[in-house]
Each structure stands twice: as C-alpha cells, then as structure tokens.
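Notes to accompany the following structure.
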Amino acid sequence: MAAHETDESPQEQGQDQRQGQRQGQGQGQGQGWDAAGGGDSHAARTHLSVAGLRARGWTAGMVRQLLGEPDLLRVSPHSQAAPRIRLYRVERVETAERSEEFRAVSAAAARRSAAARDAARRRRREVLARIAAEPAAEYTEAYPVLAQEGERQLFEREGGPPPE
C-alpha cells in the first residue's frame, strides 16, 4: 500500500483530520489540500482530482471513458457529508493524454462545445431580432424617446446599423 493510502474508514480519517487541526496541523501543515480539491500534500503531487482534470480540458465523459474508476478516494475537506473526492494518478492521466483515443475524444468534445456556443449565439440573435420586430405600440406611445434609445442601444450591441 502506498504511503498516502490508509486502511481507515472515512469516519476515522475525518476524526484524525479534526484531531490534527485541533493540534495545530491544519491547512498548510500535515494534511494541506490542493486548490484542485485533491488529497493530502503527497496525494496533491501524485494525483489529480476531477477539478484538476477539468482544468486540463477533460470532460466528465472523457474521465469515465478513458480513466474509469478513480485510483484513490478522499474525504472532502469541506464537508464529510459531501461525496468523496475522486483522485487519479498523474502518470495514468498523462499516459491517457498521450493516446490517440484521447486526441480523438478531445477533438470531438471541442467540436461539440464550439457548436453549442454557436447555437446559443444564433438563438440569442434570433430572440433579439424577434423582440426588435414586435410592435411595441403601448410602450412607444407612452415613452417614445425611451423606446428609440433602447432600439439604438440594441443595434449598437449587435453591430448593425441604427434604426431609421
């Protein structure tokens, strides 16, 4: 068993962590937690959390497909009731990232992300165009100057010519 793994149950690990914090071994000493939500200081150097993988461009589906089960589970430093943090060995992650399968899956994920972003922009433009095309008789009759200013600002944001 590696030095950073234990046979303790999550409850026992939590008790040890609380006991260490009471004795002045809180964050930064003994069991510091990395910014990516990883485990203790040794695990922070040898393992990546799902948040760390996301920062490297991994999606949840890519983690399931290419890495499968985590190498290590740790109790959350924020709440023992929270799901345990899944940690993956850095060597295993780097090996997967060098594979041809990762390149293919990553490229497909990037294409899907770009398509979703473009579709959201297109839907926004369509909604704004429908809003601009709708007659706003009550609004423009009551507040004609305000209505003209609103239309002018809308066209400025969209980069089109101002209304005539």
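Note that the structure is predicted; figures quoted are calculated from it, not measured.
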| Taking only residues two or more places apart in sequence, or in another chain, which ones meet R98 in a side chain to side chain contact (heavy atoms under 4.5 Å, CB included)? | E94, T95

| query | Of D71, V93, V90, which meets side chain to side chain contact (heavy atoms under 4.5 Å, CB included) against H47? | reply | D71

Which pairs would a plain distance check flag for residues 108-128, meaning a side-chain donor or acceptor within less than 3.5 Å of a matching protein atom at least two apart in sequence or in another chain?
residue: R122; atom: NH1; partner: E126; partner atom: OE2; Å: 3.2
residue: R124; atom: NH1; partner: E158; partner atom: OE2; Å: 3.0

| query | Atom CG in L48, atom CG in L87: separation rounded to 0.5 Å? | reply | 8.5 Å

| At what distance, to the nearest 0.5 angstrom, does CD of Q80 lie from OG of S76? | 9.0 Å

| R92 CZ: over 12 foreign heavy atoms closer than 6.0 Å | yes

| query | Roughly how far apart are Y88 OH and L67 CG, rounded to 0.5 Å? | reply | 6.5 Å

| Nearest-0.5 Å distance that lies between atom CZ in R84 and atom CZ in R74 | 10.5 Å

| said: Filter on ring pair (Phe, Tyr, Trp, His ring centres under 6.0 Å), then keep only pairs touching residues 105-132, sequence neighbours left out; what's left? | reply: none

| request: Taking all non-hydrogen atoms of both residues into account, name the closest pair between W58 and E97 and its distance. | output: NE1-OE2, 2.8 Å

| remark: Tightest non-hydrogen contact, residues I85 and S49, listed as CG2-CB, 4.1 Å

| field | Rounded distance (nearest 0.5 Å) linking atom CE of M62 with atom CG of L53 | value | 9.0 Å

